There are 2 protein chains.
Amino acid sequence: MAVREDKRELIIENAVKVFAERGYYKATTGMVAKAAGVTQPYVFHFFQNKEELFKAVIDRAFSRIYDAFSEVNAPADQLIETMGRAFNQIIQTHRDEVLMVMQAHAISEAGIREHVRQLFLTIFESLTLKFEGAGISNAKETAAHFIGTGLLITVAEVLNLPQLICGKDEAE
Amino acid sequence: MAVREDKRELIIENAVKVFAERGYYKATTGMVAKAAGVTQPYVFHFFQNKEELFKAVIDRAFSRIYDAFSEVNAPADQLIETMGRAFNQIIQTHRDEVLMVMQAHAISEAGIREHVRQLFLTIFESLTLKFEGAGISNAKETAAHFIGTGLLITVAEVLNLPQLICGKDEAE
DNA sequence: TTTTATTTATTGATTGATAAATAAATAAAC
DNA sequence: GTTTATTTATTTATCAATCAATAAATAAAA
């Protein structure tokens with residue numbers, strides 16, 4: 001039992017890397033299998049198809065971001081700044097996962113898109129609640145704006161355009 | 001001469017639709033050809049490969065956005081608002097093209113990514129100059145923020161999450 | 001022995017791309 | 001001005017590769 005779960009975990013963990021590096025379409029199930037040290041057909045023993053595998057992978061990555069935000073606890077006047085720092089921190093420790101989640105909206109599989117929609121909705125509502133709880137007046141606008149900044153940072157990272165991130169110069 | 005150019009144009013125009021609707025990877029050269037009313041191999045008479053075709057297509061779409069921004073002329077205190085309206089307008093008249101450009105950063109072909117990088121850089125610099133010219137103090141930050149909002153709107157459109165766009169309710 | 005874990009072998013479909021053939025248009029020659 | 005030659009436009013036929021997914025076989029474990 002533990003073995004079966006371990007292999008599934010192993011596949012997900014390695015699939016994160018492959019999907020993040022190559023994108024959904026250029027990542028093959030063969031590559032995922034190789035990274036996990038199993039044969040390609042064996043991946044389908046744990047996941048019905050490539051789409052289901054990706055959903056499991058993105059859920060994993062999403063949880064990391066979600067949890068990081070949940071753990072943030074700061075006074076109202078420093079909340080947004082602290083949340084921003086939390087985001088910058090996960091982008092440093094788990095760059096691939098974050099970029100994958102933030103780019104997943106561009107995958108044109110209906111099933112995946114609906115799944116990603118739910119993830120973004122969850123994050124948006126959770127951020128809104130957090131900001132409301134802190135007494136921030138326009139919580140929704142602030143939450144949306146926060147996501148917009150996250151998207152900007154993602155594009156800046158992916159396209160190697162540090163100019164887009166304020167306070168971050170070309171020089172690394 | 002005119003004929004040759006016309007066919008090339010025809011292919012680009014139809015390719016815009018196909019790429020925008022299906023995304024780079026799910027769009028096939030066969031679909032593009034069919035939409036343009038030519039045979040699939042004939043597409044390769046005008047474009048070396050799928051990647052080059054896409055570059056031509058995204059340049060077309062990008063120009064539309066760039067030109068729309070260039071045409072904006074408003075007093076400093078209304079510039080950003082007016083630019084925002086300009087963006088919302090092209091998104092209504094040429095939804096597919098705008099979404100395609102704003103999502104192109106997620107395409108994991110090195111050649112395309114570099115091309116897209118240039119497009120984003122061009123937009124960023126052009127916006128910055130515009131804001132500087134209007135005497136806006138932190139022109140760069142404002143330009144970056146403007147792009148971030150554009151990305152947010154794109155995600156909201158693609159994932160059908162109007163909640164993310166402030167002032168835009170679920171009810172259409 | 002019976003289940004569980006995992007592999008080998010294979011397939012069927014898709015798709016970008018090439019090559020060769022044909023048709024149409026234009027120009028040259030008579 | 002009609003025929004011939006030559007280029008330009010476009011198609012048919014086809015390939016080679018890639019990949020997700022299935023089925024059947026085998027090894028390991030309980």
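Just so you know, these numbers use all the heavy atoms, side chains as well, and skip hydrogens, waters and symmetry mates. Proteins get letters first, then strands, A, B, ... in listed order; numbering begins at 1 in each. Remember, predicted model here, so these are calculated numbers, not experimental data.
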### Query
Does a side-chain N or O from A:Y42 land closer than 4.0 Å to OP1 or OP2 of C:dT6, or not?
yes

### Message
Are B:F124 and B:F146 an aromatic pair, judged by ring center distance below 6.0 Å?
### Response
no

### Task
Using whole Å, report how far CZ of B:F46 lies from P of D:dT8.
13 Å

### Query
Would you call A:E109 and A:R113 a salt bridge, taking side-chain N to carboxylate O under 4.0 Å as the test?
no

### Message
Classify the ring geometry of B:F54 against B:F19: parallel below 30°, tilted from 30° to 60°, perpendicular beyond 60°.
### Response
perpendicular

### Task
Please determine if a side-chain N or O atom of A:K50 lies less than 4.0 Å away from the OP1 or OP2 oxygen of D:dA21.
no

### Query
Is the shortest side-chain N/O distance from B:T29 to OP1 or OP2 of C:dG16 below 4.0 Å?
yes

### Task
Using whole Å, report how far CZ of B:F44 lies from P of C:dA19.
13 Å

#### Entry: Charged N-O contact under 4.0 Å between A:E9 and A:R60
yes

### Query
Between B:H45 (NE2) and C:dA24 (P), how many Å, whole number?
17 Å

#### Entry: Length of the CD-C1' vector between B:Q40 and D:dA13, whole Å
12 Å

### Message
Please tell me whether A:L129 and A:I65 are part of a single hydrophobic cluster in this structure, the criterion being side-chain heavy atoms less than 4.5 Å apart.
### Response
no

### Message
Within the 4.0 Å heavy-atom criterion, would you say B:T28 contacts the bases, only the backbone, or no part of the nucleic acid?
### Response
sugar-phosphate

### Task
Could you check how far NZ of A:K26 sits from P of D:dA17, rounded to whole Å?
17 Å

#### Entry: Nearest-neighbour nucleotide for the A:P41 side chain, D:dT11, C:dT8, C:dA17 considered
C:dT8

### Message
Taking any heavy-atom pair under 4.0 Å as a contact, classify A:A33: base, sugar-phosphate, or nothing.
### Response
nothing

### Query
For A:I11 and C:dT7, what is the distance between atoms CD1 and C1' respectively, to the nearest whole Å?
13 Å

### Message
If the cut-off is 4.0 Å, is A:T39 near the phosphate of C:dT6, judged by side-chain N/O to OP1 or OP2?
### Response
no

#### Entry: Distance, rounded to the nearest Å, where A:E51 contributes CD and D:dC19 contributes P
18 Å

### Task
Whole angstrom is fine here: how far is it from CD1 in A:I112 over to P in D:dA20?
12 Å

